[in-house]
Every structure is written in C-alpha cells, then in structure tokens.
Amino acid sequence: MEDFWRLETSMVHAGYGPEAHQRAVALPIYQTAAFAFDDSAHAADLFDHKIDGYVYTRLGNPTGQVLADRVAALEQGVGGAVTGSGQAAVACALMAIAEAGDNVVAASSLYGTTYHLLAQTLPQYGISVRLCDYNRPDQFRQAIDSRTKAVYCETLANPSGHVADLAALAELAHAAGLPLVVDNTLATPYLCRPFEHGADVVVHSLTKYMAGHGIALGGAIVDSGRFPWAAHGDRFARLTRAEHGVRGQSFVDAHGAQAFAARCVNGPLRTMGAVLAPLNAFLILQGIETLALRMDRICFNAGLIAQFLSEHPAVAWVSYPGLPAHPDHGACQRYMGGRASGVLSFGVRGGRQAGADFQDRLRLVRRSTNLGDCKTLVCHPASTTHRQLSAEDLRKSGTPEDLVRLSVGIEHIEDLLGDIDQALAAR
Ligand SMILES: *Cc1c(COP(=O)(O)O)cnc(C)c1O
C-alpha cells in the first residue's frame, strides 16, 4: 500500500501504524535509554539478530526508527538512519566508506560546515577532499583515482544556490565505480528526489525545511539500495568483507540492499555516538507532516520576493534559481520542477554598510543564521558569520560584502514585501 502513496500522504503516514503502539494515533516518544530483555534467550536472539527489537537507544529507538523510515519513504530509498544533526549525517555517510589514504571528490559549492568537515576535520584522519566546480564534470573525472570512495554534492547548494547536474555526476561516478552522495537539505524530497536521477545515497539536515519549525536539530542518511558494492568489492571492503562485517558476515551478505545503511548504523553512528534524541525525532516528525503545505507557500513567497527585489532600484542584483535569468534555471526546472525552495540572496546598493543597515531595519524578518524555518530569516554574512573576512576574501568565497541572504518563510506575502520595502526605502 505504502508503495502507491503519493508524497503528501507519506509525509503524514509512512513508517507508522497505531497497531504496534497501543493504538496511539500520534507517534509516542519512547523516552528511554534502554530496553529490557525477557530472559537470556531473548537477549541472545536480539544480539544474534534473529529477531527484530531494541536494546539501547544509541543503536536504535522506535521513535527515531519511524523518522528514519519516513524520510526513506519520501526519498524512495530502501532504508536509512537518523542522526543527531545534519553534520553527523554527512560525516557518518562518508566515514562509512572512506578511511585513511582515501579521498572524496566533491563539488566546491558546499554548506560552510561541510566544507570544514571535508577540508579540515577528515584530513586529520587521512581522508582528503578534491573540490571541483559543480558545473564541470571534466574536473570531477580528472580528480577521481583508485583511492576515491565517493562523489559528493548538494542538490541546491547552501548558500550559493547552485543546482547540481545530478544525472551527469551520477553517470561519471558510476563509470568510475563510485556512489554519488547527495545532500538534499535545501531541495527536500518534495522538490527533488535525487535517487530518480541516479544518486546512491542521500543525506539531510532535518533541522531546516524538513522540520520547518527551527526547534530541533537532526539529520538523516538514506540508502537507495541500488549501488553494486559487491561489484567493487576491493574498493568497498568495509561493506563486502566478512572481517569488517557483523557476526562473521559482510554487510552486503547480512543486509543485502540495505548494506550501506547497516554499515552507517553499526560503524560510525554507533561508535561515535551521534544519535538523535527520541524527543527530537518526534518534533521533527511533527514538522514533516506539513512539509508539502509549507514548501508550496515558501516557493510561492520566495518567487514573488525574488521578482520584487529584481525590480527594486535599491537592489544591485538578485540570485534565485527560480528566476528565468539565473544561470541554473534550466537545472532547477529539470531537477526541481522549476521550484527553487526558499533561500535567495541579493545585493543592496552601497556595499557592506548598506547590507548591514538593511538587515538592521527589518521589523518582521528575524536576524539569524538559520534557514528553512516557517519564519522568514535574514543574514548579512559580511557583518555576522563572515565578518573576519576582507572584501577580497568575501568575494572569493562567493559572499560579496553587499550580499544579504533571505530564508523565506510562510508569513503573508504582503507583510513580507512591506517589511522588505520599508527596510530598502529607508536608505
Ligand atoms: C544546515 C546544513 C547542514 C548541517 O546540518 P545541521 O543540522 O545544522 O548539523 C548540512 N548541509 C546543508 C546543506 C545545510 O544547510
């Protein structure tokens, strides 16, 4: 039945049935660290994986499992795992396959902390990154070598708004025997399902649009179940060899199509402990129920705001892939149905001070570095997150001095336009 549900239905129901939970219509929060064994024979069966069940919340919890199953259903994958934050999802997915001496070939248009993970943290453990222009498949092909373990990109990059050519990246990854790992945070499965375009693993920060309320951090890893790990057994020994597996079997032999998800759970997630709290899983599920409704409104509002800004005399430029003039508008149409989610950036005439003044004059829009909230948020990086950088370095990092980023929410469009207009007009 679930196989035939449309996304909107899966957002509300996938992964949960009242029958297994005392007939509770709302998902219960299993606020417990551990689960009791009936007797030693029951414990033995659990540890031998002869029966399904829960042992300890770091290894799994029923509330978190419903969230993992729901995100997997929305992405149309075979399974996955939830993590304590989006960063934990990115780190666990890559550390499940890469080890010292290996490298990851990634698009350079990345979320700032993912960039730091790849450029600073993972190299400490011998995993290096090769960054390529998101638009240059030839650079990716040249960067791949025998120690590459994954090709990595963001569907709709944060904050640049670059839209990756998923089909081209999947094709070149597969030609080299590699999985394509895609961060689908900004697009959400409502606007884009990377598995339909050849991706093999999807990661999410559930903190943003998926939850939508800005009250809890969380992340997810989803396995498409389609990457042929066994066909590249030497390269992916952590998945294909019994000595790296569980109970004398490799992950591929023990878990089949869900080998990658099982490796994430039993490897990095379990041993580094980046687990999601049951309460946060519950809160995020509350948000996912309304994902389609929110994204419809957010795309509608963001489109009108982008149009308004592009016609405003106090605005120097606007970048939003939903606008026909944007260089990635074609990719946005191909991969996201032309709907570009809620993040847009623009330049206020007058440079760094004008950007800061605009941000300060807003009355309704909140000043925050977060995004994906129901509330519209503004960030002027040159006076906040990137304030240490010189004008030259700001330009190089793709965040010029005048850049203002808006994460558009679900308020009434006239109230948003009114606030933005008064903050621009007061100049
Ligand atoms: C926010 C974000 C992350 C990190 O997620 P957290 O939940 O903040 O750890 C990763 N990727 C993208 C694209 C993001 O926007």
Side-chain angles (χ1 to χ4, degrees), residues 64 67-68 71 75 80-95 104 106-122 129 131 134 150 152-164 166 181-192 194 199 201-222 268-269 272-277 280-281 283-285 287-288 291 295 298 302 321 328 335-336 340-345 368-373 377 379 381 384-385 398-399 405-409:
L67 177 60
V71 178
E75 289 289 2
V82 286
T83 57
S85 69
Q87 278 317 125
V90 178
C92 287
L94 294 176
M95 293 175 89
V104 173
S108 60
S109 309
L110 290 173
Y111 175 62
T113 312
T114 299
Y115 172 79
H116 283 140
L117 171 74
L118 292 171
Q120 290 168 6
T121 307
L122 291 182
V129 62
L131 295 173
Y134 79 106
Y152 186 89
C153 71
E154 297 179 4
T155 315
L156 174 62
N158 177 13
S160 67
H162 292 157
V163 184
L166 296 178
V181 181
V182 176
D183 180 337
N184 199 32
T185 299
L186 258 57
T188 82
Y190 185 52
L191 300 181
C192 177
V201 172
V202 161
V203 292
H204 273 283
S205 168
L206 302 176
T207 318
K208 314 288 174 53
Y209 292 103
M210 293 290 268
H213 38 39
I215 58 178
L217 270 80
I221 300 169
V222 188
L269 188 51
M272 292 191 285
V275 293
L276 183 67
N280 284 359
L283 293 170
I284 292 167
L285 267 155
I288 290 179
L291 176 67
M295 291 311 281
I298 285 170
D328 291 343
Y335 294 112
M336 302 171 63
S341 196
V343 174
L344 59 90
S345 50
S368 167
T369 58
N370 194 18
L371 61 88
D373 200 313
L377 306 174
C379 179
T384 55
T385 50
T399 44
R405 188 188 75 190
L406 281 178
S407 167
V408 177

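Atoms within each ligand, like the ligands themselves, are counted from 1 in listed order. The figures that follow rest on heavy atoms only: side chains count, while hydrogens, waters and symmetry mates do not.
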Between the main-chain N or O of Gln87 and the side-chain N or O of Tyr111, is there a donor-acceptor pair closer than 3.5 Å? no

Do Leu117 and Met95 have side-chain heavy atoms sitting under 4.5 Å apart? no

Taking atom types as modelled and ignoring hydrogens, do the side chains of Thr185 and Asp183 form a donor-acceptor contact shorter than 3.5 angstrom? yes

Hey, are Tyr335 and Asp328 close enough side-chain-wise for a donor-acceptor pair under 3.5 Å? no

Pairing donors with acceptors under 3.5 angstrom, does anything connect the side chains of His162 and Glu154? no

I want to check something: taking the side chain as every heavy atom from C-beta on, are Leu67 and Leu206 in contact at a cut-off of under 4.5 Å? yes

Residues around ligand 1, heavy atom under 4.0 Å from any ligand atom, sorted by chain and number. Can you pull those? Ser85, Gly86, Gln87, Tyr111, Glu154, Asn158, Asp183, Thr185, Leu186, Ser205, Thr207, Lys208, Gly218

